[in-house]
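Written out below as structure tokens is the structure these notes cover.
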Amino acid sequence: MDGNTFSPLRFSGEALELLDQTLLPHEERWQRCHRPEQVAEAIRRLAVRGAPQIGVAAAYGLALAFAPGPVLADLETHFEATVELLGSTRPTAVNLRWALERGRIVFAARPSPADRAATFEWLVRWAQELHAADVATNRRMAEHGATLFPPNARVLTHCNTGALATAGIGTALGVIAEAFHQGKVAEVFADETRPLLQGARLTTWELGRLGIPHRLLADSAAATALARGMVDLVIVGADRIARNGDAANKIGTYPLAVLAARHGVPFYIAAPCSTVDPATPNGAAIPIEERAEEEVTSLFGHPVAPPGTRAFNPAFDVTPAELIAGIVTEEGVVRAPYDLTYNNPSRTA
Ligand code: MRU
């Protein structure tokens with residue numbers, strides 16, 4: 001597979017096929033989802049993950065609600081129940097809500113309201129358009145973001161924000177890949193990203209495929225890398241950006257922003273406009289997903305703490321806008337003071 005065209009998500013005509021990211025990098029196994037319940041379960045357990053990709057998967061999930069199957073009493077009620085099901089999977093990534101709200105508008109505009117087969121085809125076509133739009137969005141974001149890189153940049157990133165997290169080349173990792181393509185990247189430092197190791201398992205896998213020089217570091221080693229002057233810029237993704245620019249991203253992002261400020265290193269966010277939520281005024285209003293305690297007390301199912309140890313496991317943290325040097329979107333690089341009004345579901349196809 002070509003690193004630039006690789007996609008972990010494809011639609012076969014009757015099922016959504018997902019590369020199960022919980023098994024990477026050691027096993028490449030595809031999961032076929034025929035029903036929205038299977039898509040919801042894949043999102044919940046992080047088989048499919050990353051804010052933009054969750055949105056695209058949810059769009060296909062809405063379509064699958066109308067795939068051939070048992071008779072549906074009422075299409076509208078069934079649609080709303082599916083929105084509820086998919087929307088309940090992960091609370092922080094606003095791309096999910098954005099896709100579902102957009103889906104509601106598209107569903108209401110279907111040409112043959114009582115025809116289930118036509119509704120299925122109508123929603124599949126829309127999901128495919130959303131999918132393609134994310135690919136184009138990623139590319140534009142990458143071009144804008146690469147302008148921020150100095151020559152021979154040494155870059156630090158967190159979590160996984162590449163092709164595995166979107167439908168295209170990625171958000172922050174897409175920017176890094178484009179900057180590398182332009183000859184501007186000397187080395188990437190990838191945080192391992194405890195507790196689920198998206199950096200260690202997924203980002204290194206993608207960087208290797210792209211041929212970008214990289215080193216993996218324990219999250220707690222980032223301070224030393226920054227203090228030793230080994231990093232020129234930090235760039236990460238986001239799961240929701242509030243109107244004032246406060247940004248939620250994978251747990252461990254906020255400490256990086258504090259460290260970057262302490263060491264005079266610019267800290268950037270790369271995210272599509274669909275990650276901006278103008279209805280959320282600031283970071284305090286962003287719902288933060290808390291996940292199972294076992295994700296912290298165990299590693300790959302093996303306990304690492306004494307039996308009965310309690311854990312605190314927020315999946316995301318919030319970086320205040322004042323620590324963000326710029327937000328890269330498909331529309332360009334935005335800088336403080338932020339007053340972000342993107343993300344109207346009725347705007348984009
Ligand atoms: O819990 P995850 O793995 O879905 O978290 C992903 C992130 O935090 C990414 O940085 C974020 O979704 C933006 S990048 C596409």
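Order of listing sets the numbers, starting from 1, for every ligand and every atom in it. All heavy atoms count here, side chains included; hydrogens, waters and symmetry mates do not. Keep in mind that what you see is a predicted model, and the values were worked out from it rather than measured.
- Using a 4.0 Å cut-off to heavy atoms of Thr161, the atoms of ligand 1 that qualify are 10 (O), 14 (S).
- Taking only nitrogen or oxygen atoms, main chain and side chain alike, Phe316 does not reach within less than 3.5 Å of ligand 1.
- Heavy atoms of Ala315 come nearer than 4.0 angstrom to ligand 1 in no pair at all.
- Annotation: atom 14 (S) of ligand 1 to nearest protein heavy atom, Thr171 OG1, 3.3 Å.
- The single protein non-hydrogen atom nearest to atom 13 (C) of ligand 1 is Ala238 O, 3.2 Å, given as residue, atom name and distance.
- Using a 4.0 Å cut-off to heavy atoms of Cys159, the atoms of ligand 1 that qualify are 5 (O), 6 (C), 7 (C), 8 (O).
- Of the protein's non-hydrogen atoms, the one nearest atom 7 (C) of ligand 1 is Asp239 OD1, 3.3 Å.
- Close approach of ligand 1 to Gly50 (heavy-atom distance below 4.0 Å) involves ligand atoms 4 (O), 12 (O).
- Ionic pairing of Glu14 and Arg32 is present here: one or more N-O contacts between side-chain nitrogen and carboxylate oxygen are shorter than 4.0 angstrom.
- Salt bridge annotation for Glu289-Arg291: present, with a cationic side-chain nitrogen under 4.0 angstrom from a carboxylate oxygen.
- Residues Arg154 and Glu187 are not paired through a salt bridge, judged by the lack of any N-O separation under 4.0 Å between the basic side chain and the carboxylate.
- Figure legend: cation-pi geometry between Arg110 and Trp126 absent, as NZ or CZ is not positioned both under 6.0 Å from the six-membered ring centre and within 45° of its axis.
- Residue, atom and distance of the protein heavy atom nearest to atom 3 (O) of ligand 1 are Arg49 NE, 2.5 Å.
- Here the CG atom belonging to Leu202 is positioned 11.0 Å from the CG atom belonging to Leu207, to the nearest 0.5 angstrom.
- Here the closest heavy-atom approach between residue Pro150 and residue Leu233 is recorded as CD-CD2, 3.6 Å.
- Within the 4.0 Å heavy-atom shell around ligand 1 one finds Arg90.
- Counting protein heavy atoms only, atom 12 (O) of ligand 1 is closest to Ala51 N, 2.8 Å.
- Taking the centre and axis of the six-membered ring of Trp122, the NZ or CZ atom of Arg125 falls outside the cone set by 45° and 6.0 Å.
- Residues satisfying the side-chain contact (heavy atoms from CB on, under 4.5 Å) criterion with Asn249, sequence neighbours excluded, are Val236, Asp239, Thr253.
- Every atom of ligand 1 with a heavy atom of Lys250 under 4.0 Å away is listed here by number and element: 1 (O), 2 (P), 5 (O), 8 (O).
- Aromatic pair Phe11/His131: centroids not less than 6.0 angstrom apart.
- When hydrogens are left out, the protein atom nearest atom 9 (C) of ligand 1 is Asn249 OD1, 3.4 Å; that is the closest non-hydrogen contact.
- A ring-centre distance under 6.0 Å is found for Phe107 and Phe66.
- Contacts with ligand 1 closer than 4.0 Å are made by side-chain heavy atoms of Gln198 only, the backbone lying farther away.
- Counting atoms of ligand 1 from 1 in the listed order, those under 4.0 Å from a heavy atom of Ala165 are 15 (C).
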